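Below is the structure I would like to discuss, written out as structure tokens.
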Amino acid sequence: MSHEIFMPALSSTMTEGKIVEWLKNPGDKVERGESVLVVESDKADMDVESFQDGYLAAVLMPAGSTAPVGETIGIIVETEDEILSVQKNNKTVKIQSDENKKDIQLENKSEEVSVKSVKTAKREEPKNNKVEEKIIKNESQIDASTANSSSRVIASPKAKKLAAQNGVDLTKVRGSGPHGRIQAEDVLKAKGQPTAVPWIGEGDYSAGIINNQVAKSITKEIGNSFGKPGETVQFNTLQKAVNKNMESSLGVPCFRVGYSIKTQNLDNFYKKVKQNGVTMTAILAKAVAKTLNNHPQVNASFSENGIKYPDSINIAIAVAMEDGGLITPVLKDPSKTDLFELSREWKDLVKRSRSKQLDPDEYSTGTFTLSNLGMFGVDRFDAILPPGTGAILAIAASKPTVVANDNGSISVEKVMQVNLTADHRVIYGADGAAFLKELADLIENSPDELVT
Amino acid sequence: MIDRTSILKQPNKISYFNEVLKMQEYYQKSIIQGDLSHDLVWIGEHQLCYTIGRGGNYKNILFSFNQNKFNLYKVNRGGEVTCHMPGQIVVYLVFNLKNYKKDLNWFLRKIEQIIINTLNYFEIKGSTKRGYTGVWCDDKKIASIGIGCKRWVTIHGFALNIDCDLSNFNKIVPCGIEGCLMTKVSEFHPNLETFDVKRIVKKFIESEFNLNFVSE
């Protein structure tokens, strides 16, 4: 198993970062939490740590080079045996760029360096150009190596699944992702299917315009059952817990309020930031959290002593478990975290929730819940309120819809239906409506604001 | 609101750089490991020394550091070479940014604001230059900033020249900016004591980060 190291976002406005130093050499053993490299933006340095025990197999960007946020800059593998195969596929670049070497040579001669010989501040510019050139060179090297030589195919899990479903030979597909990684779009392109990027939803499945073939195969795979016909299967612990939670909602006077949100701008925004590893879930969580900032009532909940207003806005998001039941990992205060970091946090949470490694603090501290079935093409649904919270938002797929406009004209626009379920003891119809109106306004008109 | 509390350390003596660095690293580690819930603010002064960030360019050091006649430290912060000495206020902020905002740019801009507010209090006009982190009085640099960060827990901070021997900066290209001239508060207010400025710096750290100081 190999894991990529990405260029992290040190701030919400950062688009690229400079690799100051690799603290590990290719082949070195790394422990979880150990610093692997140092990245700099402005006058701030950040230690980038490994998320797992293993070995640094490849360094794809040398020290001194600049890489866009979200770009793969190194690869960590779990066992020593994998190092070679990764190195074969990814030409490891020299740890130190030539630029830095020159510096070091100069270092030794530093006694001779006088004030005069130090060039002006302008030298920054040519240096940058050089670095960029170098990056391009590196990339083409890596591209070439993955395109022809390798027997090992580098593809996203989604691409692999799609390829298997559609009978596409991955070794013949040219990848458009980082370092020639094959993405879902590449598989669809190879298959000759429309490449309208399915845009909503998390992880494995596409949403938005779902073509029938893909939709069918999804149903086939997802329509799972935990028992055989004629059997009665005991609930597992997680299912029991979910049952209890869902039953407790019967004692809550809930109401629902829905809204249709146009998603053209959101769609465009997502296409732009997707390449930096941003997930739709992170975007939606952030949009909701930002809107909740202005609608504290919708973030509140019922308690015996009165209406409880939490310290922070924590967005819980329902994730179905493969062996039944569901869990709600929590993004804490997403409005304070930039979108790139948030997406990474979310991916980490999902991964760890599937392997059941979440701390209680990471799934039980939600103050508002999201449930997204958009990836299945669902056009609308309503959700059950989790105990201890005041509201949950059900998000359906965005679909091309015939819209009658105010001026009497008719147009086709992509529209997504959302449906808020709320505890009427705390949240009233007007509160819910005002919240949805502002959420819709944010998503429809200024999704760009969600970056910060 | 999250209750943000910070330990405040204000030694009366002039401190050695490496001792304080060790202390900062100890606090950073404690916060990362969850053993400490308070942040740390250290306000003091250093004996003469030079420090350079990990990404720093050694071309900017104009003395022979092989002999290390001058104390030179390569440290885990961003930024180029700088110089510390008595008469210059050094402030270290070991902050858990998870309790504030996980954004280093935001943090740098906050620090600049603290320095500008402090100068403004003494009726000195400080300003920032786009692309050149730090605080400037006209075209001269009065304060330098450099931050390191691990799991969103910061280390290092800023240095503000009050009444120090600026000729020490002649041995380096400060912050790697060629032709960069330095200035100090005493060029505007000759009678000001570092003690008075420290008091005001502390006040603006408190208000800008909205935190409470506690004793350890």
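Here the structure is a predicted model, which means the values were calculated and not measured. Proteins get letters first, then strands, A, B, ... in listed order; numbering begins at 1 in each.
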Residue set satisfying ring pair (Phe, Tyr, Trp, His ring centres under 6.0 Å) with H46(B), at least two apart, ordered chain then number -> F17(B), W42(B), H84(B), Y92(B)
Take a 6.0 Å sphere around NZ of K29(B) and say whether it holds more than 12 heavy atoms from other residues, nucleotides or ligands. no
Minimal heavy-atom distance between K102(B) and D338(A), with the atoms involved, is O-OD2, 4.1 Å
task = Indicate yes or no: at least one non-hydrogen side-chain atom of K336(A) is less than 4.5 angstrom from one of Y100(B).
result = no
Residue pairs meeting side chain to side chain donor-acceptor pair (under 3.5 Å), one or both in residues 287-298 of chain A, sequence neighbours left out, come to N293(A)-S335(A), N294(A)-E438(A), H295(A)-E438(A), Q297(A)-Y309(A)
Do the side chain of E21(A) and the main chain of R54(B) share a donor and acceptor less than 3.5 angstrom apart?
no
Given E341(A), K332(A), M14(A), the one with more heavy-atom pairs under 4.5 angstrom with chain B than any other is E341(A)
Honestly, the part of R77(B) sitting under 4.5 Å from a heavy atom of chain A is backbone
Looking at D333(A) and K101(B), is any side-chain nitrogen of the basic one under 4.0 Å from a carboxylate oxygen of the acidic one? no
Note: vs chain A, highest number of non-hydrogen pairs under 4.5 angstrom among N105(B), I32(B), D103(B), L97(B) is D103(B)
Review point. Is M46(A) close to K150(B) at the side-chain level, that is, under 4.5 Å between some pair of heavy atoms?
Key: no
Heavy-atom closest pair (D45(A) atom, L104(B) atom, distance to 0.1 Å) is O-CD1, 4.4 Å
Shortest non-hydrogen pair, L108(B) vs K43(A), comes out as CD1-N, 3.9 Å
